[in-house]
Amino acid sequence: MASLKRSAGSDPFAANISSKVYVRSTKSGKVQKITAPRDAAGRLAPFVLSEAPAGTSTYPQGHYLVPDTNVFLTAMDLFEQSSAFYDVVVLQTVLEELRNRSLPLYNRLVSLTKSDEKRFYVFFNEFRLETHVARLEGESVNDRNDRAVRRAVAWYSQHLARTGAKKVPAVVMLSNDRENLRKAKEEGILASSLRGYVSQLKDGDSLLDMVPDTEDHDDVSSKDRRPGQPLYPEYFSMSKMMTGVKNGLLHQGIFNVSPYNYLEGSIRVPAFPKPLLILGRENINRAIDGDVVVVEVLPKDQWKAPSTRVIEEEAITQNENPDAEEAAGSIVTEKERKALQEEVRRTHSKTTEGHAQPTARVVGVVKRNWRQYVGHIDQSSVSQSAQQGRKQDAVFVLPMDRKIPKIRLRTRQVAELLGKRIVVAIDAWDRSSRHPIGHLVRSLGELETKAAETEALLLEYDVQYRPFPKTVLDCLPKEGHDWRVPQSLDDPGWRGREDLRHLLICSIDPVGCQDIDDALHSRPLPNGNFEVGVHIADVSHFVKPNTAMDAEASIRGTTVYMVDKRIDMLPMLLGTDLCSLKPYIERFAFSVLWELTPDADVVSVRFTKSVIKSREAFSYEQAQLRVDDHSQQDDLTKSIRILMALSRKLKQKRLDAGALSLSSPEVKVQMESETSDPIDVKTKELLDTMSLVEEFMLLANVSVARRIYEAFPQTALLRRHGAPPKTNFDELANQLRVKRGLDLSVESSRALADSLDACIDPKEPFFNTLVRIMATRCMMAAEYFCAGTQAYPEFRHYGLASEIYTHFTSPIRRYADLVAHRQLAAAIGYEAMHPAERSRGRLEAVCKNINVRHRNAQLAGRASIAYYVGQALKGKAAEEDGFVIKVFSNGFVVLVPKFGIEALIRLRDLADPEPAAEYDAETYTLRTSGSREVTVEVFQKVRVRVTDHKDEATGKRGVKMELLGTY
């Protein structure tokens with residue numbers, strides 16, 4: 001990273017900086033030297049900023065830009081454009097503040113500073129006498145940092161003026177903070193808002209669409225600002241909210257929007273056993289799915305039952321005029337009022353008495369969960385003139401995620417953006433605007449093109465898919481693919497390692513697996529017991545703490561598997577080669593070795609770093625065929641059979657302890673080898689070899705968890721699965737009781753496991769799997785945590801019925817496992833823990849991030865399958881069996897096991913005109929009459945026609961189901 005450089009004679013303070021060495025004190029109290037880079041001959045590195053920077057209409061003499069932190073936080077995409085934003089001075093103050101507020105954006109800015117073309121320049125202003133500012137008494141950190149930015153701009157302007165050049169470039173501060181701009185003007189400093197600056201550029205029209213709408217609207221003309229009456233209630237002050245939460249009068253939690261009704265949300269709070277319902281625009285009060293909000297419980301006479309009606313925003317709000325946003329007199333449109341009337345009538349009917357739940361209203365937002373959203377422009381919001389001219393027009397963007405409200409966007413590129421996948425960011429949601437306001441980030445390409453849709457999925461689930469930066473690649477072994485395990489046992493790489501190359505080790509993975517994390521072996525012992533080993537790729541040998549590669553891996557958190565690609569956590573050189581336990585090649589490993597009795601009881605366990613040489617890389621199918629073929633009697637096959645026998649006993653022990661056998665619909669999309677187009681969808685076959693691998697990975701994870709907790713009771717990185725609230729199962733238990741006469745006991749995981757086993761329909765084998773799929777959705781999500789943050793009873797993994805658990809067996813694709821490897825290495829005395837890994841605060845932050853990344857990776861993978869199932873069915877129609885899993889008063893949801901997908905069939909899809917319907921909430925039954933007579937109830941088996949279908953609301957191609965009949 002470069003710092004500002006100049007000749008010694010150009011400045012009266014030159015003497016104290018001629019050595020180009022600055023000194024700073026670190027948090028730990030150590031003194032750190034910072035030296036400007038020099039080449040091998042001792043010469044200072046060349047200048048980064050251009051001597052003749054580009055000019056604009058306001059700064060014809062040329063200019064350098066000095067942005068404040070907020071500009072980078074809200075508009076990083078603008079700075080990455082190739083058409084503008086060159087010769088930018090990045091202040092140390094800004095860089096450090098950005099790092100504290102957003103590590104991904106910090107990394108993107110660091111990449112810009114390393115780009116020779118963009119000429120971004122880091123100036124260590126905090127280490128210079130002339131530019132350092134001390135925080136004043138009573139001054140906020142933000143105000144102090146703003147003052148530091150202004151001081152640096154003023155000094156650099158004066159410094160350039162003293163050069164005596166004929167044409168001195170201007171030094172311009174960029175900020176969207178009105179107060180910062182006002183003070184700059186008072187101090188005689190050149191400053192501009194982002195919008196004001198971009199409007200001077202040559203292709204400013206297209207770039208203006210990317211300017212966030214967060215500045216104080218000084219540059220927005222009066223015709224774009226209507227002083228409409230406030231539509232939403234004012235938020236409580238932060239102090240009032242915190243006091244209310246502390247006193248128990250208000251409640252804080254995460255706001256979740258119903259996927260079937262955009263006017264219904266919920267929030268879980270400790271004071272209530274069931275989620276609080278939040279109904280209607282006014283009560284939702286500008287909260288967006290995922291926001292941390294504070295709510296006030298409404299009086300009991302306003303409590304209601306959850307909605308049984310599907311209400312979709314695009315159907316209710318179609319043809320709204322985005323230019324009339326703030327002129328509206330009412331927060332609720334006439335169509336929304338009619339849709340809600342249906343709910344009110346149903347709520348007041350006798351059949352729903354006793355089903356009412358506490359309702360609440362949002363009184364404030366503690367933390368926004370806003371991110372960049374992928375969507376497309378709503379054609380019905382576009383005026384005729386907007387499609388032809390270049391004037392700025394307001395349009396609505398429909399996000400791919402139905403739980404996100406449509407976003408109002410002002411753009412000059414309506415004609416170019418229609419029919420495109422675009423990325424937008426929300427900037428604000430004022431009380432006077434029915435919808436949030438945002439700005440364009442970029443276009444991904446035409447709707448339904450494979451490249452645009454795949455990138456859209458990655459962005460939608462915040463998957464870090466940018467290429468690995470050079471700083472990360474520089475951490476890789478210099479030998480590249482030629483790296484080998486050292487031949488000499490005296491080499492430092494062998495220190496503390498056990499030579500296990502003689503063991504008959506093999507790996508068993510899905511077909512085509514390249515990143516092989518784990519391998520196994522077994523062999524009989526003279527005393528009649530067995531030695532079993534799980535050998536895991538020693539990623540921690542290559543990825544050291546506090547390096548650029550470690551930082552990147554911690555941000556990515558996990559590898560993401562899509563149908564057509566894999567987004568790696570680590571560079572491919574490590575993931576698919578040097579770390580991967582490929583067959584016939586010596587590799588470093590971390591081994592867990594047990595002595596097990598023939599009944600799979602653990603006699604002893606030990607852990608060691610090792611060197612192994614896998615004999616074979618089997619697919620699940622290959623290993624299964626080998627085990628089942630009794631003509632195969634070689635030692636390797638016999639060892640797999642031993643593992644198989646032991647794994648069955650391990651599984652039975654887990655089930656006896658109350659472990660759950662849950663289910664989710666899993667399918668595999670078959671791709672055409674040359675074009676990579678999907679051609680078929682098949683249900684994944686479950687093989688005994690899959691269970692074999694799973695059991696020993698679980699045993700390894702439990703064994704490692706115990707060892708690292710013993711060594712590090714405060715900082716061990718573990719994984720827990722909380723017992724779900726009993727109320728989570730209320731609806732499923734009631735459905736089973738009413739429709740099948742079955743009891744679902746949720747007193748413990750063992751009781752739940754037993755009652756799930758009893759959910760059998762002799763006429764329908766899939767019924768038990770269906771119930772397990774529905775039960776899985778009632779569960780809490782498992783999460784990573786730092787041992788010191790929970791009491792020991794809270795460590796329990798409910799689904800696995802294990803007192804303690806961690807992730808150790810997949811370090812190539814999960815960062816949590818890499819941390820566990822480092823902790824285990826320290827626990828067995830192999831390698832001391834790096835100071836950065838000892839901080840509980842840092843590990844808590846790591847856990848928070850990887851929990852989000854793990855969840856997003858799962859969602860992205862499922863969304864990729866759903867997209868490709870739609871593509872595989874393109875132009876085709878398949879008639880399949882399905883099962884009703886949810887019934888509404890105006891539709892029902894059907895799951896088709898063969899494709900692993902579900903879809904909503906609305907009343908209007910059954911016939912034209914739409915049939916009349918009667919919904920019985922007590923028996924979960926929908927009866928239609930008139931244009932089509934049919935009776936649909938939960939758990940019912942139905943026959944459906946499945947076709948591909950483009951959802952006009954989300955722009956996504958998925959499937960549409962047509963009801964052919966019931967069984």
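From a predicted model like this one, the values you see are computed outputs, not experimental measurements.
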Side chains of Met241 and Gln252: closer than 4.5 Å at any heavy-atom pair? no

Thr359 versus Gln302, side-chain donor and acceptor atoms under 3.5 Å: no

Verify whether one side chain among Asn890 and Glu914 offers a donor that lies under 3.5 Å from an acceptor in the other. no

Examine the side chains of Asp209 and Thr411 and answer whether a donor and an acceptor come within less than 3.5 Å of each other. yes

Strictly distance-based, threshold 3.5 Å: is any side-chain N or O of His439 a donor or acceptor partner for the main-chain N or O of Leu409? no

Look only at the side chain of Asn176 and the backbone of Ser193, and say whether a donor-acceptor pair between them is shorter than 3.5 Å. no

Results of salt bridge (charged side-chain N to carboxylate O under 4.0 Å, His left out) for Glu962 - residues two or more places apart only: Arg945

Distance-only side-chain donor-acceptor flag, Ser239 / Ser237, under 3.5 Å: yes

Does the cation-pi check pass for Lys118 over Phe120, that is, NZ or CZ under 6.0 Å from the six-membered ring centre and within 45° of its axis? no

Treating Thr56 as the side-chain partner and Gln200 as the backbone partner, does any N or O pair qualify as donor plus acceptor under 3.5 Å? no

Which donor-acceptor pairs under 3.5 Å do the side chains of residues 450-458 make with protein atoms, sequence neighbours left out?
residue : atom : partner : partner atom : Å
Lys450  : NZ   : Ser676  : O            : 3.0
Lys450  : NZ   : Asp677  : OD1          : 3.3
Glu453  : OE1  : Arg421  : NE           : 3.2
Glu453  : OE2  : Arg421  : NE           : 3.3
Glu453  : OE2  : Glu448  : N            : 2.8
Thr454  : OG1  : Lys450  : O            : 2.9
Glu455  : OE2  : Arg442  : NH1          : 3.1
Glu455  : OE2  : Arg442  : NH2          : 3.0
Glu455  : OE2  : Tyr465  : OH           : 2.5

Taking the six-membered ring of Phe892, is NZ or CZ of Arg906 closer than 6.0 Å to its centre and within 45° of its axis? no

So that I can tick it off, tell me whether Arg101 and Glu97 are bridged by a salt bridge, with the cut-off set at under 4.0 angstrom between side-chain N and carboxylate O. yes

Does some side-chain heavy atom of Leu190 sit less than 4.5 Å from a side-chain heavy atom of Met173? no

With sequence neighbours left out, which residue pairs that include part of residues 66-86 fulfil the ring pair (Phe, Tyr, Trp, His ring centres under 6.0 Å) condition? Phe72-Phe79, Phe79-Phe85, Phe85-Tyr197

Gln372 vs Asp77, side chain to side chain donor-acceptor pair (under 3.5 Å): CA-CA, chis, key distance, verdict: CA-CA 11 Å; Gln372 292 185 345; Asp77 295 275; 2.9 Å; yes

Any Phe888 side-chain heavy atom under 4.5 Å of Arg309 side chain: no

Where Ala863 and Tyr461 come nearest, the two heavy atoms and their spacing: CB-CE1, 3.6 Å

Within the structure provided, determine whether Leu277 and Pro306 are in side-chain contact (heavy-atom separation under 4.5 Å). yes

Verify, without hydrogens or angle tests, whether Asp177 (side chain) and Glu179 (backbone) share a donor-acceptor contact under 3.5 angstrom. yes

Between Asn261 and Ser307, is any side-chain donor less than 3.5 angstrom from a side-chain acceptor? yes

Hey, are the side chains of Arg286 and Tyr235 touching, using non-hydrogen atoms and a 4.5 Å cut-off? yes

Has Asp430 got a side-chain atom pairing as donor or acceptor with Ser433's backbone, closer than 3.5 angstrom? no

What I want to find out is whether Arg361 reaches Glu282 closely enough, with some N-O distance under 4.0 Å, to be called a salt bridge. no

Ignoring hydrogens and geometry, is there a side-chain-to-backbone donor-acceptor pair from Asn70 to Leu73 under 3.5 Å? no

Side-chain (Asn849) to main-chain (Ile555) donor-acceptor, under 3.5 angstrom: yes

Arg402 vs Thr954, side chain to side chain contact (heavy atoms under 4.5 Å, CB included): CA-CA, chis, key distance, verdict: CA-CA 7 Å; Arg402 284 181 176 275; Thr954 63; 3.8 Å; yes

In sequence, state the C-alpha distance, the side-chain angles, and the governing distance for Asp401 and Lys956, and then conclude on salt bridge (charged side-chain N to carboxylate O under 4.0 Å, His left out). CA-CA 10 Å; Asp401 186 347; Lys956 290 193 284 190; over 6 Å; no

Ile267 vs Pro275 side-chain heavy atoms within contact, under 4.5 Å: no

Looking at Ile254, I'd like to know if its CD1 atom is crowded, meaning that more than 12 non-hydrogen atoms belonging to other residues, nucleotides or ligands lie closer than 6.0 Å. no

Taking Asn107's backbone N and O only, do any of them form a donor-acceptor pair with Ser111's side chain (distance below 3.5 Å, no angle check)? yes

Using a strict threshold of under 4.0 Å (side-chain N to carboxylate O), is an ion pair present between Arg908 and Glu312? yes

Ser199 side chain to Gly196 main-chain N or O, any donor-acceptor pair under 3.5 Å? yes

Min side-chain heavy-atom separation Met400-His376 under 4.5 Å: no

Begin with the C-alpha distance, continue with both residues' side-chain angles, and end with the deciding distance and a verdict on salt bridge (charged side-chain N to carboxylate O under 4.0 Å, His left out) for Asp146 and Lys183. CA-CA 10 Å; Asp146 285 347; Lys183 288 180 178 177; over 6 Å; no

Is the closest side-chain donor-acceptor distance between Ser380 and Asp378 under 3.5 Å? yes

So, are Asp462 and Arg371 salt-bridged, with charged N and O less than 4.0 Å apart? no

Report yes or no: does Asn283 contribute a side-chain atom to a donor-acceptor pair with the main-chain N or O of Leu279 at less than 3.5 Å? yes

Do the non-hydrogen side-chain atoms of Leu276 and Val295 ever get within less than 4.5 Å of each other? yes

